[in-house]
Q: 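Quick one: the structure is below, questions incoming.
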Amino acid sequence: MRQVIIKPGEDGFWVTECPSLPGCISQGQSRKGALQNIREAIEGYIEVLEEEGDPIPRA
C-alpha cells in the first residue's frame, strides 16, 4: 500500500500522485476515478521497474 495525494485540478478533474514513486501522477473526472487511475499507474510503474531490473522504492 502506498500513500497518494489527491487534489482538485483544473477543469473539474482530480489529480493524484504517489510521492514514493517520482513522476507517478494520474487524474480522473471524479475522486473515485482518479484513485482507480493512480492504482493502475502505480502497478504499471512498478512493472516497468521490475522489467528493467531497477530497485522498487519503499512505500
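Note: hydrogens, waters and symmetry copies are ignored here, and every other heavy atom, side chains too, is used. For this chain, numbers begin at 1 and follow the sequence in order.
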Q: Which pair of heavy atoms, one from Q27 and one from T16, lies closest together, and at what distance?
A: N-OG1, 4.2 Å
Q: Any side-chain heavy atom of L21 within less than 4.5 Å of one from I42?
A: yes
Q: If the condition is side-chain hydrogen bond (donor to acceptor under 3.5 Å, both in side chains), which residues does R2 pass it with, not counting sequence neighbours?
A: S20
Q: Please give me the minimum heavy-atom distance between S26 and N37, naming the atom from each residue.
A: OG-CB, 3.1 Å
Q: Do you know which two heavy atoms are closest between V15 and G9, and how far apart they sit?
A: CG2-CA, 3.9 Å
Q: Work out which heavy atom in E17 is nearest to a heavy atom in I25; give both atom names and the distance.
A: CB-CG1, 3.8 Å
Q: Provide the closest heavy-atom pair for F13 versus Q29 in the form atom of the first, atom of the second, distance.
A: CE2-CG, 3.4 Å
Q: Show the nearest heavy-atom pair for residues I38 and C18, with the distance to one decimal.
A: CD1-N, 4.3 Å
Q: Connecting only ILVMFWY residues whose side-chain heavy atoms lie within less than 4.5 Å of each other, what is the rest of V48's hydrophobic cluster?
A: none
Q: Report the distance from atom CD1 of I6 to atom NZ of K32, rounding to the nearest 0.5 Å.
A: 12.5 Å
Q: Given 3.5 Å as the limit, does a donor-acceptor pair link the side chain of Y45 with the main chain of G23, or not?
A: no
